[in-house]
There are 2 protein chains.
Amino acid sequence: MSSASPSTVSLVTTPTPRPKRATVHDVAVEAGVSRGTVSRYVNGERYVSASAREAIEAAILKVGYVPNTAARNLVMQRSQAVGFIVHEPHSLFVEDPNIGEILLGANTALSEADYQMAVLIVDSERDTERVARYLSGGLVDGVIIVSARAYDPISRVVERLNLPAAYVGHPPGASTASFVTIDNRGSARAITERLAATGRRRIGMIAAALDRDSGADRLAGFTEALGDRFDERLVEPVALYSYSAGRDAMQALLERAPDVDGVFAASDAVAAGAMEALRAAGRRVPDDVGVVGFDDSAWAKRTLPGLSTVRQPAAGLGRQAALLVLGQLRGEAGAQEVQLESEVVWRDSA
Amino acid sequence: MSSASPSTVSLVTTPTPRPKRATVHDVAVEAGVSRGTVSRYVNGERYVSASAREAIEAAILKVGYVPNTAARNLVMQRSQAVGFIVHEPHSLFVEDPNIGEILLGANTALSEADYQMAVLIVDSERDTERVARYLSGGLVDGVIIVSARAYDPISRVVERLNLPAAYVGHPPGASTASFVTIDNRGSARAITERLAATGRRRIGMIAAALDRDSGADRLAGFTEALGDRFDERLVEPVALYSYSAGRDAMQALLERAPDVDGVFAASDAVAAGAMEALRAAGRRVPDDVGVVGFDDSAWAKRTLPGLSTVRQPAAGLGRQAALLVLGQLRGEAGAQEVQLESEVVWRDSA
DNA sequence: TTGTACGCGTTATCAT
DNA sequence: ATGATAACGCGTACAA
């Protein structure tokens, strides 16, 4: 059972008779009324006689009419849709434990307002151009952007088009766009303080993704919390919020500073990796070393002992971003900055 | 730092001057040529004189023209976009370790063919109707559907519209649509056989999601592999592919059959839960009990010891589904059934 | 209450 | 090589 070419089986072979779809016109002639009347009926306006209504209903059923949204969008000058753009999807979709909740939160809010959400993935140069075209084409009335990078072409397009937009996380560059975040810095400070309150004297941090503001802010909060006791030799930076990075970093940290008795990992995945390294080194958690993480993802509940961490209101982030866009769609002017409250979850790892 | 209402800060308050976008017409008058010529230039056709080209390029830059895709779609009768529909998103986005890879695989294939992928989430009744309208509206030329349920309204719409479609997993009902799967049954058989080959005599299974074909097929493969040695009292069924379900099920199984020395869990998450229960019961893995899972997700690499499991070609599933749709779009007729090969990954848990 | 006619922004056909 | 002009399918003043 090794990886091989897929086995294919043909089932049927009807020559795909692409059917031409019925239009308002077809319904009109079938019902013996004018196109205008049909259009009014479809859009639920008043001033449609009972007789006309019946005839139209029957006609619609008979010819199998479904309105063409593209045509409607064209004349209405709006699409009743909002794009959800996700960058760097490899780290996001596969690693980020929050992306799913963010998506669902945004979708719920948009759905309630009768907007369709279309998730657009940017995973290559081609994607960038194509998505830019898509946005330019009037297929969405606004966008939610998650994890944008600095000098992001997509952000530029959005700005140039003057498209109502909201970012999840800090928008790149100096753009004055709406965005929603959590207080990474304050949360990091809070959990570090609680870790210190357990009596730890030599507290280190495995910092990750310092090129993103989330990563940088968490380190800043950590530094703030420790004040005088901060020792930069106890900070081990890694590139990604990943399990293996956490494991390797903890190993390095243990070598450089064998006396660490507390660790703040920049994410739960990192923390889980760190705990593995600690176990391998014969250190007990929390007895010898206290560990805290960030995210309250599935990792936090499956470590042994359970991981103390910071809970992000992921669905709330998506929901707020959606509300921000909807507000702009309603004409509410001005960029808004929304900060959602996070929460320290105390378990047994510290 | 408790969950509270979001703090909001207003940054600017310009009254959103929704700008009217330039059209082909504007470019034409600016460049002193006809709309037809502009259109030809934009679409890279031949027969555009150098002088016209220059004038048009300048005009486009000056008026800031971007083509309107909605209008183009209307006249071209195609959108160059494919919908990716995901159901039951709560279990999918939040729990399914493969969904991200499937999305990316599909996106890559579509992107190469210059198609835009739009992910549509169905999370409520409202969503169902809205997405159905969206599909009916001509905004996508085809669809990829993952995790459809039987009697799914969306599937009905797709069928009625005769929209080119491909399912990831078995399509519901008796529809003769294209789909791509892995051989759940064969894979389950293979890994069970390898587990048996390690000398285990009393092999049980924690079966999950028996109402889906993936779950049912895995159980079938397990049964096949054991043949005469199959003992239905060693099968513990649970509803979801979840960690906690695995833990509880393993506990129940241990009580009912303390002599189990091998367990096939229907997914890695389930297996991880089972391993936790075994540890709590004082059983060593793999010494006392061998454990194998399914998925080769992040769970498998973070259990201790590493989990032997079945690797799904998740990205390949998405890619193949996309290729299936693209084939239909090119006019290749007939429903296709593609089965991708999976692979047993042997680690230390058995 | 209903029909007519125009416009949304683009591509396609056909002369020129 | 280019310019009219007719679609594409729909909403909507305006007239009736």
Side-chain angles (χ1 to χ4, degrees), chain A residues 18-57 59-60 63-80 133-141 161, chain B residues 18-57 59-60 63-81 133-139 141 161:
Chain A
R18 278 285 209 117
K20 39 196 162 303
R21 300 244 283 268
T23 75
V24 168
H25 176 77
D26 302 328
V27 176
V29 302
E30 179 67 34
V33 298
S34 81
R35 302 193 326 224
T37 306
V38 173
S39 179
R40 280 188 286 267
Y41 166 80
V42 171
N43 294 330
E45 285 181 35
R46 36 183 210 284
Y47 301 138
V48 275
S49 69
S51 61
R53 188 189 315 276
E54 284 174 39
I56 293 173
E57 276 168 357
I60 286 183
V63 304
Y65 168 75
V66 296
N68 181 312
T69 315
R72 174 180 302 192
N73 289 352
L74 182 58
V75 61
M76 303 277 276
Q77 297 292 61
R78 61 196 169 76
S79 64
Q80 206 73 338
R133 281 205 310 271
Y134 191 90
L135 298 180
S136 310
L139 267 37
V140 296
D141 298 335
L161 290 171
Chain B
R18 278 285 211 117
K20 38 197 164 300
R21 301 242 284 265
T23 75
V24 167
H25 178 78
D26 301 329
V27 176
V29 302
E30 179 68 34
V33 298
S34 79
R35 301 189 322 224
T37 308
V38 173
S39 177
R40 282 188 285 267
Y41 167 80
V42 171
N43 295 330
E45 287 180 33
R46 38 183 208 282
Y47 300 137
V48 274
S49 69
S51 61
R53 186 189 317 276
E54 284 175 40
I56 293 173
E57 276 167 357
I60 285 182
V63 303
Y65 167 75
V66 295
N68 181 311
T69 314
R72 173 179 300 191
N73 289 352
L74 181 58
V75 61
M76 304 273 278
Q77 297 292 62
R78 60 195 169 77
S79 63
Q80 206 73 345
R133 281 205 309 272
Y134 191 91
L135 298 180
S136 310
L139 267 37
D141 297 335
L161 289 171

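Throughout, protein chains are lettered first and strands after them, A, B, ... in sequence-line order, and every chain is numbered starting at 1.
Formation of a donor-acceptor pair under 3.5 Å by the B:D141 side chain with backbone atoms of B:S79 is found in this model. A donor-acceptor distance shorter than 3.5 angstrom exists from the side chain of B:D26 to the backbone of B:T23, with no hydrogens or angles considered. Counting only distance, with no hydrogens or angles, the side chain of A:R78 and the backbone of A:N73 share no donor-acceptor pair below 3.5 Å. Distance alone, capped at 3.5 Å, is enough to place a donor-acceptor pair between the B:N68 side chain and the B:A70 backbone.
The residue A:N43 sits close only to the backbone: its heavy atoms come under 4.0 Å of sugar-phosphate atoms, none of a base. No engagement by A:A70 is indicated, since no non-hydrogen atom pair under 4.0 Å with the nucleic acid exists. Within 4.0 Å of A:V48, counting heavy atoms only, lie sugar-phosphate atoms of the nucleic acid but no base atom.
Listed nucleotides D:dC10, D:dC8, D:dG11 differ in distance to A:V24; the shortest reach to its side chain belongs to D:dC10. Closest to the B:R40 side chain, of the nucleotides D:dG3, C:dA12, C:dC8, is D:dG3. Across D:dA4, C:dT11, C:dG9, the shortest atom-to-atom separation from the side chain of B:S39 is found for C:dT11.
When only modelled atom types and interatomic distance are considered, B:E30 and B:Y65 share no side-chain donor-acceptor pair under 3.5 Å.
Checking the phosphate oxygens (OP1, OP2) of C:dT2, no side-chain nitrogen or oxygen of A:T37 falls inside 4.0 Å. Contact check, A:S49 against C:dT2: a side-chain N or O comes under 4.0 Å of OP1 or OP2. The phosphate of C:dG7 has neither OP1 nor OP2 within less than 4.0 Å of any side-chain N or O from A:Q77. OP1 or OP2 of D:dC10 has at least one side-chain nitrogen or oxygen of A:Y65 nearer than 4.0 Å. Between B:T23 and C:dG9, a side-chain N or O to OP1/OP2 separation shorter than 4.0 Å is absent.
In this entry the distance linking CD of B:E45 with C1' of C:dT13 reads 12 Å, nearest Å. For the pair A:R21 CZ and D:dC10 C1', the computed distance is 14 Å after rounding to whole Å. Here the P atom of nucleotide C:dT10 and the CG atom of A:L139 are 13 Å apart, to the nearest Å. In this entry the distance linking CE of A:M76 with P of C:dC6 reads 22 Å, nearest Å. Here C:dG7 presents its C1' atom at 17 Å from CZ of A:R72, a figure rounded to the nearest Å. What separates CG of B:L74 from P of D:dA6 is a distance of 17 Å, to the nearest Å. Rounded to an integer number of Å, the gap from OH of A:Y41 to P of C:dG3 is 16 Å. Rounded to a whole Å, the CG atom of A:N73 is 13 Å from the P atom of D:dT12.
Distance check, rounded to the nearest 0.5 Å: CD of A:E45 to OG1 of A:T37 gives 10.5 Å.
If A:R35 and A:Y47 are placed on DNA chain C by their nearest nucleotide, the residue sitting closer to the 5' end is A:Y47. Heavy-atom distances to DNA chain D give each of B:A52 and B:A71 a nearest nucleotide, and the one nearer the 5′ end belongs to B:A52.
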